[in-house]
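Note that the coordinates shown come from a computational prediction; the quantities given were computed from them, not determined experimentally.
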Amino acid sequence: HSAGIVAQAIGGGGGNGGAAPALDVGAQITMAVAVGGNGGSGGTAGDVIVGNHGQIATEQADWYGVPAQSMGGGGGSGGASGAETLNVFNSPDVPSVNMTSAVGGNGAQGGNAGDVTVSNDAFVTTRGAGSIGLYAQSVGGGGGNGGDSTATQIAMQSSNVTVSVAVGGTGGPAGTGGNVRLTNDAGAVMTYGQNAIGIFGQSVGGGGGSGGFGTTNTASFLSENKG
């Protein structure tokens, strides 16, 4: 995929949040809390400006004459979390507690895209299927996904108090697409081939991230009965 002139600005992707496992094995009172890290925000892309004043010709399929693009970076995903307790013994004479809490990290916002401006006052010719003469696009970065969370309790004997909470992380908001300006003033754009396009301009906002799942699991094998 060759091109006559290529101008591109791309924001870097945000890092993913770290996963968080937590495990507590004990008797009478067991507690585990895990919180996944949040994702990092996507980088903002700069503006792109291209002016063509000379002749450009491409000769193969899917080759572009003047492609210009600004793309915001994708937001990082939140980290997963898992909290687990194993309560091996509870005395009926003392209050027993078994608690787990897991929270997934939040997805981060996608980076915004910059403005894209393309002007042409010369001859641009493409010869090939799927080729585009003048191409300008601004695309916002997608938001990161929220981290999943799982809270698991296992007790050999039932506890007086059991609490299990799992909250999935929220999805990150999307980045916005910038303004796109295409000007063909006193120029000529000619394309030859199936599905070829003379002038293409597009501004697209990114998609928002999905929320994470939250799952709780509780198991108790024996219950204490007082006669």
All side-chain hydrogen bond (donor to acceptor under 3.5 Å, both in side chains) counterparts of T150, not counting sequence neighbours
none

Measuring from N87:CG to S158:OG, what's the distance to the nearest 0.5 Å?
9.5 Å

Partner set under ring pair (Phe, Tyr, Trp, His ring centres under 6.0 Å) for F123, not counting sequence neighbours
none

Examine L134 and F200 and state if one hydrophobic cluster contains both, with Ile, Leu, Val, Met, Phe, Trp and Tyr joined whenever side-chain heavy atoms are less than 4.5 Å apart.
no

Between the main-chain N or O of A129 and the side-chain N or O of N195, is there a donor-acceptor pair closer than 3.5 Å?
no

Heavy-atom pair with the smallest gap, counting every atom of G36 and S81
N-CB, 3.7 Å

Do M156 and F89 have side chains that get closer than 4.5 Å, going by heavy atoms?
no

Restricting to non-hydrogen atoms, name the atom on A136 and the atom on V118 that form the minimum distance, rounded to 0.1 Å.
CB-CG2, 3.9 Å

Give every donor-acceptor pair under 3.5 Å between a side-chain atom in residues 94-108 and any protein atom, sequence neighbours left out.
from	atom 1	to	atom 2	distance (Å)
S96	OG	N160	N	2.9
S96	OG	N160	OD1	3.2
N98	OD1	T30	OG1	2.8
N98	OD1	T85	OG1	2.7
T100	OG1	S164	OG	3.1
N106	OD1	T170	N	3.0
N106	OD1	T170	OG1	3.0

Side-chain heavy atoms nearer than 4.5 Å, only ILVMFWY residues, links allowed to pass through others: does that put V48 and I5 together?
yes

Who passes side-chain hydrogen bond (donor to acceptor under 3.5 Å, both in side chains) against Q8, sequence neighbours left out?
Q69

Please say yes or no: joined through hydrophobic side-chain contacts below 4.5 Å, possibly via intermediate residues, are V189 and I56 part of one cluster?
yes

Shared ILVMFWY cluster between V165 and M31, side chains joined below 4.5 angstrom?
yes

Using modelled atom types and a 3.5 Å cut-off, is there a donor and acceptor pairing between side-chain atoms of Q157 and backbone atoms of S91?
no

Atom of A9, atom of G46 and distance for their closest heavy-atom approach:
CB-O, 3.5 Å

Contacts of N179 that satisfy side-chain hydrogen bond (donor to acceptor under 3.5 Å, both in side chains) - sequence neighbours left out:
none

Between Q153 and V163 (side chain of the first, backbone of the second, donor and acceptor by atom type, cut-off under 3.5 Å), is there such a pair?
yes

What are the two closest heavy atoms between A34 and P21, and how far apart are they?
CB-C, 4.5 Å

With a 4.5 Å cut-off on side-chain heavy-atom distances among I, L, V, M, F, W and Y, is there a chain of contacts connecting V124 to L182?
yes

Does some side-chain heavy atom of P67 sit less than 4.5 Å from a side-chain heavy atom of V6?
yes

I need the full list of side-chain hydrogen bond (donor to acceptor under 3.5 Å, both in side chains) pairs touching residues 110-133, with sequence neighbours left out, sorted by first then second residue.
N52-N120, H53-D121, N112-T176, N120-N184

Side chain T183, main chain D185, donor-acceptor under 3.5 Å
no

Just verifying a value: how many Å separate N38 CG and N16 CG, rounded to the nearest 0.5 Å?
11.5 Å

State, to 0.1 Å, how close S138 and G178 come at their nearest heavy-atom pair, and which atoms those are.
OG-N, 2.7 Å

Quick one: closest heavy-atom pair of Y192 and M190, and the distance?
OH-SD, 4.0 Å

